[in-house]
Colleague: 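Dropping the structure in here first, questions after.
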Amino acid sequence: MAANKDYRLLCLENPLLDIQAFGDEALLEKYGLKANDAILAEEKHQGLFEDLLQNYDAKLIAGGAAQNTARGAQYLLPPNSVVYLGGVGDDKYAAILHDAVKQAGLRVEYRVDPKINTGRCGVVITGHNRSMCTELGAANHYDLEHLKKPEVWSLVENAEVYYVGGYHFTVCPPAIMELAKQAASGNKPFILSLSAPFICQFFKEPLDASAPYWDYVIGNEGEAAAYAESHGLNITDVKEIAKALANLPKENTQRKRVAIITQGTEPTIVAVQGEDEVKEFPVHSIDPAKINDTNGAGDAFAGGFAAGVVEGKSLEESIHMGQWLAKLSIQELGPSYPFPKQSY
Ligand code: 26A
């Protein structure tokens, strides 16, 4: 890989503005939310966003899981390394996202829909848990037409590594498949995040269609369990689930698939296709008093890891980079990274 090329990492998913607050049991109960979850907003959640802003001193923070990952990868990589695609509206929320990505040095190619609001994610923090409730808005209107615009498609062709957030399976699976095929045909790494248990449960068909293209699949213990259950694997051991993911049929046989399962403060599990031994990597220790909130920790891990893949680092080193960035991010409010930059 040429070291001086621009935009080597291309990411796709749903740009969202997080409306994040420290909440309580009563708030979770009022909207029927679980303490630690990610869901799509239904009718009964409509009041949540205003409630958070009016009564819980909510902060507006740039979000969208893969956009957080993209900002994270750019944090570690040379300038102009990462480009991110997704759909937004033309409103004050989009302006906040533009400011955040500008500060992060992240290039975005948004599909702008002037008639629809930028997506919002209500985030309720209780202790080390976060409950997320998303109204996708304009993010739900990302389409192939945007991906195939010559100025966007040339970025796709130019990229050397692809990162897709699994949340995008609710939006435009054909765009995911285009990136997956582009990766396989050029023997370039395709990284997929499972994103949330509900993706493994309710978006199984498009998820499975993309599986042969995963060079790296990243998830947490909850997503791994949901995958195992929804696929009738009859296993609950995280290492065994990682192994099963790593050994699914694969399109590009020039790369062995790697499955990575994070488990909060417990060690990160890594299985490699065809290998018997499943490895464990302890997370970087942190004084609990320094943890601000863990929302976005998984996205930060994925960002650090993806940066390692882009730079051609070893698997061990890439995991280490992911854990390093996750440790930085949990000391910030929301899915953010410290500025001025800390160097790895
Ligand atoms: C389709 N859904 C539900 C989502 C999301 C999402 N990003 C994309 N699509 N639901 C929550 N998030 C984001 O996850 C980040 C934390 O990992 C939130 O915006 C938050 O920044």
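What you see is a predicted model, and the numbers here were worked out from it, not measured in a lab. Start at 1 and go down the list; that is how both ligands and their atoms are numbered.
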Colleague: What salt bridge (Lys or Arg N to Asp or Glu O under 4.0 Å) pairs are there with at least one residue in residues 129-157, not counting sequence neighbours?
Modeller: Arg111-Asp143, Arg120-Glu135, Lys148-Glu178, Lys149-Glu151

Colleague: Under 4.0 Å from a heavy atom of Leu40: which atoms of ligand 1 are those, numbered in the order shown and with their elements?
Modeller: 1 (C), 3 (C)

Colleague: What atoms in ligand 1 come closer than 4.0 Å to a heavy atom of Pro335?
Modeller: 21 (O)

Colleague: With heavy-atom distances below 4.0 Å as the criterion, list the atoms of ligand 1 near Met132.
Modeller: 11 (C), 14 (O), 15 (C), 16 (C), 18 (C), 20 (C)

Colleague: Does Ala65 reach ligand 1 with a nitrogen or oxygen that is under 3.5 Å from one of the ligand's nitrogen or oxygen atoms?
Modeller: yes

Colleague: Number the atoms of ligand 1 from 1 as they appear, then name those within less than 4.0 Å of a heavy atom of Leu136, with their elements.
Modeller: 1 (C)

Colleague: Considering only non-hydrogen protein atoms, determine which one is nearest to atom 18 (C) of ligand 1 and report residue, atom name and distance to 0.1 Å.
Modeller: Asp18 OD1, 3.3 Å

Colleague: With a cut-off of 4.0 Å, which atoms of ligand 1 are near a heavy atom of Asp299?
Modeller: 15 (C), 16 (C), 17 (O)

Colleague: Under the 3.5 angstrom rule, does the side chain of Lys243 hit a backbone N or O of Asp276 as a donor-acceptor pair?
Modeller: yes

Colleague: Heavy-atom distances under 4.0 Å are what count here, so tell me which part of Ile61 touches ligand 1: side chain, backbone, both or neither.
Modeller: neither

Colleague: Using links of under 4.5 Å between side-chain heavy atoms of ILVMFWY residues, direct or through other members, which residues join Val283 in one cluster?
Modeller: none

Colleague: Just need the protein heavy atom nearest to atom 10 (N) of ligand 1, so name the residue and atom and give the distance.
Modeller: Thr134 OG1, 2.8 Å

Colleague: Using the rule that two of Ile, Leu, Val, Met, Phe, Trp, Tyr join whenever any of their side-chain heavy atoms come within less than 4.5 Å, decide whether Ile218 and Leu194 are in one cluster.
Modeller: no

Colleague: Determine whether a donor-acceptor pair (N or O, by modelled atom type, separation under 3.5 Å) exists between the side chain of Arg257 and the backbone of Trp214.
Modeller: yes

Colleague: So is Gly64 in contact with ligand 1, going by heavy-atom distances below 4.0 Å?
Modeller: yes

Colleague: Based purely on interatomic distance, does Thr170 place a nitrogen or oxygen under 3.5 Å from a nitrogen or oxygen of ligand 1?
Modeller: no

Colleague: To check you understand the geometry: which heavy-atom pair defines the closest contact between Leu12 and Tyr142, and what is its length?
Modeller: CD1-CE2, 3.8 Å

Colleague: Below 4.0 Å, non-hydrogen atoms only: which portion of Glu13 touches ligand 1? Side chain, backbone, both or neither.
Modeller: side chain

Colleague: Using distance alone, determine whether Arg130 and ligand 1 share an N or O pair under 3.5 Å.
Modeller: no

Colleague: Which of the numbered atoms in ligand 1 are under 4.0 angstrom from any heavy atom belonging to Asn295?
Modeller: 16 (C)

Colleague: Could you list which atoms of ligand 1 come closer than 4.0 Å to a heavy atom of Gly63?
Modeller: 19 (O), 21 (O)

Colleague: Measure across Cys121 and Phe49 and return the closest heavy-atom pair with its distance rounded to 0.1 Å.
Modeller: C-CE2, 3.9 Å

Colleague: Determine whether the aromatic ring centres of residues Tyr75 and Phe339 are separated by less than 6.0 angstrom.
Modeller: yes

Colleague: Indicate the ring-plane relationship of Tyr167 and Phe198, choosing parallel, tilted or perpendicular according to the 30° and 60° boundaries.
Modeller: tilted

Colleague: At a non-hydrogen distance cut-off of under 4.0 Å, which region of Val171 contacts ligand 1 (side chain, backbone, both, or neither)?
Modeller: neither

